[in-house]
Colleague: 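Questions regarding the structure given below will be posed in turn.
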There are 2 protein chains.
Amino acid sequence: MDDDQLDLVFGALADRTRRAILARLAETDSNVNDLTALFTMSQPAISKHLKVLEGAGLVSRNRQGTMRLSHLEAEPLKDATGWLADYREYWDASYARLDALLDSLKKEKS
Amino acid sequence: MDDDQLDLVFGALADRTRRAILARLAETDSNVNDLTALFTMSQPAISKHLKVLEGAGLVSRNRQGTMRLSHLEAEPLKDATGWLADYREYWDASYARLDALLDSLKKEKS
DNA sequence: GTTATCTATAACCAAGTAGTTATGGAGGTC
DNA sequence: GACCTCCATAACTACTTGGTTATAGATAAC
């Protein structure tokens, strides 16, 4: 994952409204009106947030009749987690042990 | 972890210079001059970035003679990872299984 | 084709961000 | 106390961001 992409993903996550939108989309695909109803904010504001999320690859949209349903695309969150994982040893004392466990799990799978 | 804190942490991580600073501090504590030498940027710009990182709790500083050494504080990264973990099931098919494993590890520890 | 609904876009505003140069303050050293 | 060195702060600029209202575009229904 390159710096441009990380800039976009972390930037998208740096706003509580956008995080709340992702939380909602984790439950169910939603249209702009549904999302607008959840916040004390205008519809264009929500559309803008969706555009940011879409730009970071965190949301996809497809027409469903007259509506456009927003759908969570979690893949970039995996990459962000991957970046954070490099620092895990600095906060998780049991990281080394956990790491070994995950390695053995991988081997078992392959 | 509350929204204010997540805003600060993700916001701090949304800049590649600041991520690079964290990468450096993961290797060794550094003073402002050292960090400035690593980037094509003025010293006050680096001082500003450090202030943002400090505000997010990602960096602490203590005087060491005439220098102020910046030190990585990784705890907030743990919290950010915790937030992202809520979405793990959406990108990691083997999450459920992994989760069970971690649970058993916790029990074993306690 | 008119109308209604849903959403995107345009134009604007206030505030924040990322950088600059210039300068001042705090800590050692002589 | 004079002088360096290290760093922070001030003042400024250009750009971005997060919101607004007003409006236009696309699709479906009648």
Side-chain angles (χ1 to χ4, degrees), chain A residues 2-25 28-73, chain B residues 2-25 28-73:
Chain A
D2 60 14
D3 275 330
D4 287 336
Q5 189 59 22
L6 283 173
D7 284 355
L8 291 173
V9 172
F10 282 130
L13 297 181
D15 182 285
R16 69 193 64 196
T17 301
R18 287 194 290 267
R19 290 196 303 276
I21 289 175
L22 291 181
R24 160 72 173 192
L25 296 183
T28 175
D29 290 359
S30 308
N31 66 29
V32 173
N33 270 353
D34 289 345
L35 293 171
T36 300
L38 294 177
F39 303 94
T40 59
M41 203 176 290
S42 67
Q43 171 262 309
I46 299 296
S47 285
K48 275 196 189 180
H49 282 306
L50 285 172
K51 207 169 192 175
V52 173
L53 290 167
E54 207 174 6
L58 288 165
V59 158
S60 64
R61 287 193 272 183
N62 63 325
R63 269 211 154 348
Q64 201 79 2
T66 177
M67 297 186 305
R68 294 186 69 194
L69 285 184
S70 291
H71 176 76
L72 175 66
E73 298 288 344
Chain B
D2 61 14
D3 274 329
D4 287 336
Q5 188 60 22
L6 283 172
D7 284 355
L8 290 174
V9 172
F10 283 130
L13 297 181
D15 182 285
R16 70 194 64 195
T17 300
R18 287 194 289 265
R19 290 197 302 276
I21 289 175
L22 292 181
R24 161 72 174 192
L25 296 182
T28 175
D29 290 0
S30 309
N31 65 29
V32 173
N33 271 354
D34 289 345
L35 292 171
T36 300
L38 294 177
F39 303 94
T40 58
M41 203 176 290
S42 67
Q43 172 263 308
I46 299 297
S47 285
K48 275 196 190 180
H49 282 306
L50 284 173
K51 206 169 191 177
V52 172
L53 289 167
E54 207 174 6
L58 288 165
V59 159
S60 64
R61 288 193 270 183
N62 63 325
R63 273 216 122 60
Q64 201 80 1
T66 177
M67 298 186 306
R68 292 186 69 193
L69 285 184
S70 291
H71 176 76
L72 175 66
E73 297 288 343

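Bear in mind the structure is a predicted one, so any value in this text is a computation, not a measurement. The basis for the numbers below is simple: all heavy atoms, side chains too, and nothing from hydrogens, waters or symmetry mates. Chain letters run A, B, ... following the sequence lines, proteins first and then strands; every chain starts at 1.
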Colleague: B:Leu25 versus B:Ser30: any side-chain heavy-atom pair under 4.5 Å?
Modeller: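 Heavy-atom side-chain distance check passes, below 4.5 Å.
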Colleague: Of the candidate nucleotides D:dG18, D:dT21, C:dA8, which contains the atom at the shortest distance from the side chain of A:Ser42?
Modeller: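 So the side chain of A:Ser42 is nearest to D:dT21.
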Colleague: Between A:His49 and D:dG19, is there a side-chain N or O to OP1/OP2 distance below 4.0 Å?
Modeller: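 Result: yes.
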Colleague: Looking only at the side chain of A:Arg68 (C-beta and beyond, no hydrogens), which of the listed nucleotides C:dT21, D:dT20, C:dA8 gets closest?
Modeller: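 Given the options C:dT21, D:dT20, C:dA8, the side chain of A:Arg68 is closest to C:dA8.
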Colleague: Give the rounded distance in Å between these two atoms: CG of B:Asp15 and C1' of C:dG16.
Modeller: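 Going from CG in B:Asp15 over to C1' in C:dG16 covers 14 Å.
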Colleague: Determine whether a donor-acceptor pair (N or O, by modelled atom type, separation under 3.5 Å) exists between the side chain of A:Arg68 and the backbone of A:Arg61.
Modeller: no
Colleague: Please give me the minimum heavy-atom distance between B:Ser70 and B:Val59, naming the atom from each residue.
Modeller: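 Result for this residue pair: CB-CG1, 4.0 Å.
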Colleague: Tell me which nucleotide among C:dG19, D:dG19, C:dC6 gets nearest to the side chain of A:Met41.
Modeller: D:dG19
Colleague: Within the 4.5 Å heavy-atom criterion, are B:Asp4 and A:Arg16 side-chain neighbours or not?
Modeller: yes
Colleague: Please determine, for the side chain of B:Asn33, which listed nucleotide (C:dA8, C:dT20, D:dC6) has the closest atom?
Modeller: D:dC6
Colleague: Side chain of B:Met67 only, heavy atoms from C-beta on: which candidate in D:dC7, D:dG18, C:dT9 is closest?
Modeller: D:dC7
Colleague: Contact between B:Leu53 and B:Glu73 at the side-chain level, heavy atoms closer than 4.5 Å - yes or no?
Modeller: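 No, their side chains stay 4.5 Å or more apart.
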Colleague: Whole angstroms only, please: what is the CD-P distance between B:Gln43 and C:dG19?
Modeller: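 Going from CD in B:Gln43 over to P in C:dG19 covers 14 Å.
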Colleague: Any side-chain heavy atom of A:Leu38 sitting closer than 4.5 Å to one from A:Ile46?
Modeller: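 With C-beta onward as the side chain, the pair stays apart.
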Colleague: Please report the distance, rounded to the nearest Å, between CG in A:Asp3 and P in C:dA18.
Modeller: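 Rounded to the whole Å, the gap is 14 Å.
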Colleague: Please classify the nucleic acid contact of A:Arg18 as base, sugar-phosphate, or nothing, using heavy-atom distances under 4.0 Å.
Modeller: sugar-phosphate
Colleague: Which one, C:dG19, C:dA8, D:dA8, comes nearest to the side chain of B:Ser47?
Modeller: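 Nearest to the side-chain atoms of B:Ser47, counting from C-beta on, is D:dA8.
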Colleague: Flag the pair B:Asp34 / B:Thr28 as yes when at least one side-chain heavy-atom distance between them is below 4.5 Å, and no otherwise.
Modeller: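 No - every pair of side-chain heavy atoms lies 4.5 Å or more apart.
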Colleague: Quickly work out the A:Phe10 CZ to D:dT16 P distance and round it to whole Å.
Modeller: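 Rounded to whole Å, this separation is 22 Å.
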Colleague: Looking at every strand, decide which applies to B:Lys48 at a 4.0 Å heavy-atom threshold: base, sugar-phosphate, or nothing.
Modeller: base
Colleague: For the backbone of B:Leu13 and the side chain of B:Arg19, can you confirm whether one donor and one acceptor N or O come within less than 3.5 Å of each other?
Modeller: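 Pair found, side chain donor or acceptor close to backbone of B:Leu13.
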Colleague: For B:Lys51 and C:dA18, what is the distance between atoms NZ and P respectively, to the nearest whole Å?
Modeller: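 Taking atom P of C:dA18 as the reference, NZ of B:Lys51 is at 14 Å.
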Colleague: Just the rounded figure in Å: distance from C1' of C:dA18 to CZ of B:Phe39.
Modeller: 14 Å
Colleague: Could you check how far CD1 of B:Ile21 sits from P of C:dA18, rounded to whole Å?
Modeller: 11 Å
Colleague: Could you work out which one of C:dT7, D:dC6, D:dA10 sits closest to the side chain of B:Pro44?
Modeller: D:dA10
Colleague: Considering only nitrogen or oxygen atoms on both sides, find all protein atoms under 3.5 Å from nucleotides 25-30 of chain D and state each distance.
Modeller:
none

Colleague: From CD1 of A:Ile46 over to C1' of C:dA8, roughly how many Å is that when rounded to an integer?
Modeller: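 For the pair A:Ile46 CD1 and C:dA8 C1', the rounded distance is 14 Å.
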Colleague: Need to verify one output field. Residue with the more 5' nearest nucleotide on DNA chain D, A:Thr17 or B:Val32?
Modeller: B:Val32
